Amino acid sequence: MKKAVLALVFISAIVAYFVFDLGQYLSLENFKASQTEIVAAKDANPFLYIAGFFVLYVAVTGLSIPGAAIMSLVAGALFGVVVGTIIVSFASTMGATLAFLSARYVLRDWVQDKFGDRLRPINDGVEKDGAFYLFTLRLIPVFPFFVINLLMGLTRIKTRTFFWVSQLGMLPATIVFVNAGTQISRIDSTAGLLSPALIASFVALAFFPWAAKGIVALVKRSRG
């Protein structure tokens, strides 16, 4: 019953998002149109706005609905690079962990029962190199944020490992988006923020731990 209620809450939230077109409030155009008033209100109540923005970001990412990229830009425009990065980094990780735990609580047992044999190699790999897998996925922005959260919830990776690796792995892209948000008036969409060169840099950074691990293994074998 608890699983059914939780699933119903998530489904209802997602349906409401599309039925009532709530995405219009999380759009770049909407923020730009009201930017002056929003900034003035934020300056009048900075701590209230920080808390409200944090909670909203956690809700958006926890429910796996679109809007995180736009909100990262808005964080830069409202709070600057340092404060904005701190807010987005922790809020995105908390939201991702909520989505991860929801997938684990609602779906994991059923998936493991139905596809346990097929998932065994994945589970074994995650138990052995889970942090490396997750770090790689987090650093490469081409993998959808919410898909990683949900899929990892179906594996046996520990929650604390998911949390700290996600926070570390998402940090470079977070800094890029929040920094871009400080010049939000010049941005029309999020499409051009991640250039091929920047993505290539993220890919190289993502595979660095694997290379380092391989080198350590070679050194150990040579000494043995």
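Keep in mind that the numbers below use all heavy atoms, side chains included, and drop hydrogens, waters and symmetry copies. Quick caveat: nothing in here was measured; it's all calculated off a predicted structure.
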- Message: If the condition is side chain to side chain contact (heavy atoms under 4.5 Å, CB included), which residues does Ile148 pass it with, not counting sequence neighbours?
- Response: Leu134, Leu137, Arg138, Phe143, Met152
- Task: Could you give me the CA-CA distance, side-chain angles and deciding distance for Met170 and Thr93, then say whether side chain to side chain contact (heavy atoms under 4.5 Å, CB included) is met?
- Result: CA-CA 8 Å; Met170 292 189 295; Thr93 304; 3.7 Å; yes
- How long is the span from the CD atom in Gln167 to the OG1 atom in Thr97, to the nearest 0.5 Å? 8.5 Å
- Task: Search all heavy atoms of Pro66 against all heavy atoms of Leu26 and return the closest pair with its distance.
- Result: O-CD1, 3.7 Å
- Which heavy atom of Gly62 sits nearest a heavy atom of Leu98, and at what distance? CA-CB, 4.4 Å
- Residue pair Ser89 / Thr174: nearest heavy atoms and the distance that separates them: N-CG2, 4.2 Å
- Task: Answer yes or no: does atom CE of Met94 have more than 12 heavy-atom neighbours from other residues, nucleotides or ligands under 6.0 Å?
- Result: no
- Identify the two heavy atoms, one from Leu28 and one from Ile70, that lie closest to each other, and give their separation to 0.1 Å. N-CG2, 3.8 Å
- Message: Test side chain to side chain contact (heavy atoms under 4.5 Å, CB included) on Gln35 and Ile184; report intermediate values, then the result.
- Response: CA-CA 10 Å; Gln35 184 173 358; Ile184 200 168; 3.7 Å; yes
- Atom OG in Ser92, atom CG in Leu171: separation rounded to 0.5 Å? 9.0 Å
- Atom of Leu139, atom of Pro172 and distance for their closest heavy-atom approach: CD2-CG, 3.5 Å
- Task: Search all heavy atoms of Thr61 against all heavy atoms of Ala99 and return the closest pair with its distance.
- Result: O-CB, 4.1 Å
- Can you hop from Val83 to Ile175 via hydrophobic side chains spaced under 4.5 Å? no
- Item | Lys32 NZ to Ser27 OG distance, which is reported to the nearest 0.5 Å | 10.5 Å
- In terms of hydrophobic clustering (I, L, V, M, F, W, Y; side-chain heavy atoms under 4.5 Å; direct or indirect links), are Phe31 and Val178 co-clustered? yes
- Message: Hydrophobic clusters here meaning ILVMFWY residues chained together by side-chain heavy-atom distances under 4.5 Å, can you tell me if Val39 and Phe47 are in one?
- Response: no
- Hey, mind stepping through Phe100 and Leu150 against side chain to side chain contact (heavy atoms under 4.5 Å, CB included) and telling me if it holds? CA-CA 5 Å; Phe100 163 87; Leu150 299 180; over 6 Å; no
- Message: Taking the side chain as everything from C-beta on, heavy atoms only, tell me whether Ile157 gets closer than 4.5 Å to Arg104.
- Response: yes
- Message: Restricting to side chain to side chain contact (heavy atoms under 4.5 Å, CB included), what partner residues turn up for Ser34, sequence neighbours left out?
- Response: Glu37, Ile38
- Task: State plainly whether one hydrophobic cluster holds both Phe90 and Phe177, where clusters connect Ile, Leu, Val, Met, Phe, Trp and Tyr through side-chain heavy atoms under 4.5 angstrom apart.
- Result: yes
- Message: Using modelled atom types and a 3.5 Å cut-off, is there a donor and acceptor pairing between side-chain atoms of Thr182 and backbone atoms of Asn179?
- Response: yes
- Query: Could you go step by step and tell me if Leu151 and Thr155 meet the side chain to side chain contact (heavy atoms under 4.5 Å, CB included) rule?
  - Reply: CA-CA 7 Å; Leu151 289 180; Thr155 69; over 6 Å; no
Table please: side-chain donor-acceptor pairs of residues 48-60 below 3.5 Å, with sequence neighbours left out.
from: Tyr57; atom 1: OH; to: Ala68; atom 2: O; distance (Å): 3.2
from: Tyr57; atom 1: OH; to: Ser72; atom 2: OG; distance (Å): 2.8

- Query: Are Phe162 and Asn149 close enough that some pair of their side-chain heavy atoms sits under 4.5 Å apart?
  - Reply: yes
- Message: Are there over 12 heavy-atom neighbours, none belonging to Phe163, within less than 6.0 Å of that residue's CZ?
- Response: yes
